[in-house]
Amino acid sequence: MPNDSYIQPLETVDLDDGPLKLGIDQISQQYALQLVTQTFNVYENYRSLNHDVRWTLADSLYFGWMPPKVWEGTTVSRSSLGIPIVFDQVEAALPAISQEVFAPQDDWFQVETEPGTPAQEARQVQEHLSYVLEHSKNDFGLTAKNEIELAIKSILLYGNGGVELYWDSLLNRTCVQWVDTRDFYVDPGCPIPNI
């Protein structure tokens, strides 16, 4: 049976007590922990006051959710019939945008050459990426187009959306994955809503 051990908590450090330490300076565990904790708290507070509010509002408008209410002076629930105000607009715009992005007569992305690189290499890279993105499926059987459509829907709902293109060395293939912007903490110093 493993032994239970008590981990000693680190002492708190006042970050305002001295000058900010740079990467070349040696810092203690207490200083690092306090710096990470303080920075995370600032980011979390900024997110909860700004982004979480608009994301919750967007979800409630899309799904037609209304907070439950009771009749005045009783505990009897009132009828709650939500109307999905945004649902029709998002679902009607999504196929039109997807059709324009993934037009069958055109390539839906373009590879350009760097200065001094032959154009033939760019065409080969584009053909290879086109094949990989249209035929490669992720662990759930989705192609790059499916993942990009999820990002488009996120843009329509929340104003931000993204995809991640990366090389998976274990599977030996290029992967495209939708990135949910609600999983991020936005820098409070970001001057524009474009994450």
Side-chain angles (χ1 to χ4, degrees), residues 9-10 12-17 19-23 27 29-70 77-102 108-109 133 136-168 174-195:
L10 297 174
T12 57
V13 175
D14 186 12
L15 298 177
D16 298 326
D17 192 28
L20 180 65
K21 297 187 179 184
L22 303 175
I27 61 173
Q29 286 184 341
Q30 294 92 345
Y31 185 88
L33 180 64
Q34 192 66 28
L35 182 62
V36 168
T37 304
Q38 184 177 350
T39 303
F40 178 76
N41 289 339
V42 169
Y43 278 51
E44 185 177 36
N45 188 34
Y46 177 78
R47 175 183 158 151
S48 65
L49 291 175
N50 295 287
H51 298 289
D52 286 348
V53 173
R54 70 182 175 93
W55 290 333
T56 303
L57 177 62
D59 283 338
S60 63
L61 290 173
Y62 180 78
F63 292 109
W65 182 81
M66 291 292 300
K69 296 180 181 178
V70 295
S77 299
R78 291 173 46 183
S79 173
S80 178
L81 300 173
I83 300 172
I85 297 171
V86 178
F87 180 85
D88 292 335
Q89 285 78 12
V90 169
E91 295 301 324
L94 185 59
I97 294 171
S98 296
Q99 186 176 6
E100 286 300 316
V101 170
F102 305 117
W108 55 276
F109 68 92
L133 294 177
S136 179
K137 298 186 177 5
N138 66 8
D139 297 337
F140 306 106
L142 299 175
T143 63
K145 289 183 180 181
N146 299 122
E147 296 291 327
I148 293 171
E149 284 179 348
L150 288 172
I152 293 170
K153 188 170 185 175
S154 179
I155 291 170
L156 292 171
L157 271 174
Y158 307 117
N160 297 101
V163 292
E164 175 186 15
L165 178 65
Y166 64 95
W167 177 260
D168 190 334
T174 304
C175 296
V176 177
Q177 181 178 353
W178 166 64
V179 177
D180 191 352
T181 55
R182 295 172 295 172
D183 292 338
F184 290 92
Y185 285 87
V186 181
D187 184 356
C190 184
I192 57 175
N194 184 358
I195 298 172

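Here the structure is a predicted model, which means the values were calculated and not measured.
Interatomic distance, CG of L165 versus CD1 of I148, reported as 8.5 Å (0.5 Å rounding). N50 CG to W55 CH2: the interatomic distance, rounded to the nearest 0.5 Å, is 10.0 Å. Between Q38 atom CD and Q34 atom CD the span is 6.5 Å, to the nearest 0.5 Å. Separation of atoms CG (D180) and CH2 (W178) is listed at 4.0 Å; rounding is to 0.5 Å.
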Please tabulate, for side-chain N and O atoms in residues 56-65, each donor-acceptor pair with protein atoms closer than 3.5 Å (sequence neighbours left out).
| from | atom 1 | to | atom 2 | distance (Å) |
| --- | --- | --- | --- | --- |
| T56 | OG1 | D52 | O | 2.8 |
| D59 | OD1 | Y158 | OH | 2.5 |
| S60 | OG | T56 | O | 3.3 |
| S60 | OG | L57 | O | 2.9 |
| Y62 | OH | E91 | OE2 | 2.4 |
| Y62 | OH | K153 | NZ | 3.0 |

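Counting only heavy atoms from C-beta outward, the side chains of F102 and E149 approach each other to under 4.5 Å. Side-chain atoms of I97 and L156, non-hydrogen and from C-beta on, do get closer than 4.5 Å to each other.
Among all heavy-atom pairs drawn from G162 and A151, the shortest one is O-CB, 3.7 Å. What you find for L142 and E147 is that their closest heavy atoms are CD1-OE2, 3.3 Å. Residue V179 comes nearest to F184 through the heavy atom pair CG1-CE1, 3.0 Å, listed as atom of the first residue, atom of the second, then distance. Residues S154 and N160 approach most closely at OG-O, 2.8 Å, considering heavy atoms.
When atom types are taken as modelled, the side chain of R182 and the backbone of H51 share no donor-acceptor pair closer than 3.5 angstrom. Without hydrogens or angle criteria, T181 side chain to G161 main chain gives no donor-acceptor distance under 3.5 Å. Checked by atom type and distance alone, the side chain of N41 pairs as donor or acceptor with a backbone atom of T37 at under 3.5 Å. Put simply, the side chain of N146 gets close to the backbone of T143: a donor and an acceptor are under 3.5 Å apart.
Listed by first and then second residue, the side-chain hydrogen bond (donor to acceptor under 3.5 Å, both in side chains) pairs involving residues 78-87 amount to none (not counting sequence neighbours).
Shown here are the ring pair (Phe, Tyr, Trp, His ring centres under 6.0 Å) partners of Y43, two or more places apart in sequence or in another chain: there are none.
Residue-environment remark: CG (L49) exceeds the threshold of 12 foreign heavy atoms within 6.0 Å.
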